[in-house]
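This report refers to the structure that appears directly beneath it.
Below, read A as the first sequence line, B as the second, and so on, with proteins coming before strands; counting in each chain starts at 1. Below, each value reflects all heavy atoms present in this structure, side chains not excepted, and no hydrogens, waters or symmetry copies. Note that this is a predicted model, so its numbers are computed, not measured.
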There are 2 protein chains.
Amino acid sequence: MRKRILVVEDDQDILSLIEWHLKAEGYQPLIEKDGQRGLDVALREKPDLIVLDLMLPSLDGLEICKVLKKNEATEHIPVIMLTAKGEEIDRIIGFELGADDYMVKPFSPRELLLRIKVVIRRAAGISEKPVIIRYDGLVIDPERHTVTIDEVPLELTITEYNLLFELVKTKGRVLTRDHLLDRVWGYRFEGYHRTVDTHIRRLRQKLGSFAENIETVRGIGYRFKE
Amino acid sequence: MRKRILVVEDDQDILSLIEWHLKAEGYQPLIEKDGQRGLDVALREKPDLIVLDLMLPSLDGLEICKVLKKNEATEHIPVIMLTAKGEEIDRIIGFELGADDYMVKPFSPRELLLRIKVVIRRAAGISEKPVIIRYDGLVIDPERHTVTIDEVPLELTITEYNLLFELVKTKGRVLTRDHLLDRVWGYRFEGYHRTVDTHIRRLRQKLGSFAENIETVRGIGYRFKE
DNA sequence: TCCAATTTGACAATCGTGTGACAAACAAAT
DNA sequence: ATTTGTTTGTCACACGATTGTCAAATTGGA
């Protein structure tokens, strides 16, 4: 059975983006652009999770959250808040009012999807640990944020780390530049496609003997050899 | 069977916060905003633990605690006191009042949850050994609240102590600034997140040869070298 | 061979962290 | 209540690391 996720957000671009990704992941999105109507839908439909923008027309996210948490029928529904940069103060209050997590814009849809998954699991009482990824002598430990080759630590920048993580995580499958830009850089990225190539190069340089594991798929993108 | 925990606290924000976290941890929260009514509930329901704010309308936390400890049916129920900064803490710890532990606001919900767990276990007769953390010549003794390097005591402020404790306790893992703010500064910190950096610097200065054990993870946060 | 795609080297702009200084908040003592 | 010293949070600046971009060189496939 598909989880229903209510998204209340006034920016059409972000909304479409989130909606598309939710569908792609098999969720059933309910969307609203207006605060009051968002609250109405939340109370009527009782979705499995709510993604709430902080700044909304007619009724802001904070108020919606307050009402939901006071209502016995909806208090258990997890809420993820979306906040713009600079709304730091409000984000804390969001937590006090029972928001389960928050994201600061700009964020990548991928990241939001991940948090949604985590929050839903947590709400269901299952907590999960970040997984250590291994590939022969190559070990990526997200908890420590380290990459080692045969126990020898590798010094990667954050972008290189994220890129490698993405590649190894989906090893065997080809990732297009668009995919990588989306997953590693996030939706805000509007630049030069070849940026990916540059980072692949830097990654290969640092990977030493594992460099050849990052295969170029001409005309498509890159793939980590399985 | 779920432990029932009574929370008597007049600040709605704090109350919601605690309530939410208790539920998330699988406890069954009973909540009251008024001192007198809090006492009534305590006497009638006999919860497994009581979290009491010191300053309360109609009847303050101290009085409630006194009454409970005089009553044979409730004297065994552990009490955790919540106090604002600057309030007389000494009187609370006084064994005549019988509070089992206390927390100074602001605190992080995580920290409260930890203490609740400890106090409940202790009440059940399972005593927790105070864990002394060692790392080569660096010794942190939480019970004495002291830090020594090769037997030589280190003069740390409370914030520095907490920060170091948090870092060493989770050594090997990266802690983001947000994470540290949450765990070290508590739930209502609304400030500049680079405050963390400043305290890291002060800590490094005092740590002498151990300074290099606090690693900077660019783009993420800090990590204590394992 | 030729064309399109990728790799490479170079560069400037931007970002993140360390640092010193400062004032507010606090605690202890008078 | 006032003073004194300590602790704490904030900020501006400097500097090196990181990043995105581009053009030229190279590669691979038709």
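Closest to the Tyr192(A) side chain, of the nucleotides dT8(D), dA23(D), dT19(D), is dA23(D). Taking the side chain of Thr198(A) as heavy atoms from C-beta on, and the options dT21(D), dT6(C), dT8(D), the nearest nucleotide is dT21(D). Comparing atom distances between the Asp197(B) side chain and each of dT6(C), dG18(C), dG9(C) picks out dG18(C) as nearest. Comparing dT6(C), dT17(C), dG9(C) by their closest approach to the side chain of Gln205(A) singles out dG9(C). In this structure, of dT19(D), dG18(C), dT10(D), it is dT19(D) that holds the atom nearest to the side chain of Thr157(A).
In this structure a side-chain-to-backbone donor-acceptor pair under 3.5 Å is missing from Lys33(A) to Gln12(A). No side-chain donor-acceptor contact under 3.5 Å links Lys171(B) to the backbone of Lys225(B). The backbone N or O of Glu160(A) lies less than 3.5 Å from no partner atom in the side chain of Arg202(A), so there is not a single donor-acceptor pair. In this structure, the side chain of Glu32(B) does not engage the main chain of Asp34(B) through any donor-acceptor pair within 3.5 Å.
Atom P of nucleotide dT8(C) and atom NZ of Lys206(A) are separated by 16 Å, given to the nearest angstrom. Put simply, CZ on Arg218(B) is 7 Å from C1' on dC15(C), counting in whole angstrom units. Following rounding to the nearest Å, His193(B) (NE2) and dG9(D) (C1') show an atom-to-atom distance of 14 Å. Atom CG in Leu207(A) sits roughly 16 Å away from atom C1' in dT7(C) (whole-Å rounding). Note: CG (Asn162(B)) to P (dG9(D)) measures 11 Å, nearest angstrom. Following rounding to the nearest Å, His199(B) (NE2) and dT6(D) (C1') show an atom-to-atom distance of 13 Å. Distance CD1 (Ile158(A)) to C1' (dT17(C)): 13 Å, rounded to an integer number of Å. Rounded to a whole Å, the CD1 atom of Ile214(B) is 15 Å from the P atom of dT17(C).
OP1 and OP2 of dT8(C) both lie 4.0 Å or more from every side-chain N or O belonging to Arg204(A). Contact between the side-chain N/O atoms of Tyr161(B) and the OP1/OP2 oxygens of dT7(D) is not found at any separation under 4.0 Å. Applying the 4.0 Å criterion to OP1 and OP2 of dT19(D), one finds that Trp185(A) has every side-chain N and O outside that range. Under 4.0 angstrom from either OP1 or OP2 of dT7(C) there lies at least one side-chain N or O belonging to Thr216(A).
Of the two residues near DNA chain D, Arg201(A) and Leu156(B), the one whose nearest nucleotide lies more 5' is Leu156(B).
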- salt bridge (charged side-chain N to carboxylate O under 4.0 Å, His left out) between Asp197(A) and Arg177(A), worked out: CA-CA 8 Å; Asp197(A) 300 33; Arg177(A) 293 186 175 73; 2.7 Å; yes
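The base of dG18(C) sits with one of its N or O atoms less than 3.5 Å from a complementary donor or acceptor on the side chain of Arg194(B). Between the side chain of Arg202(B) and the base of dG9(D), a donor-acceptor pair under 3.5 Å is found.
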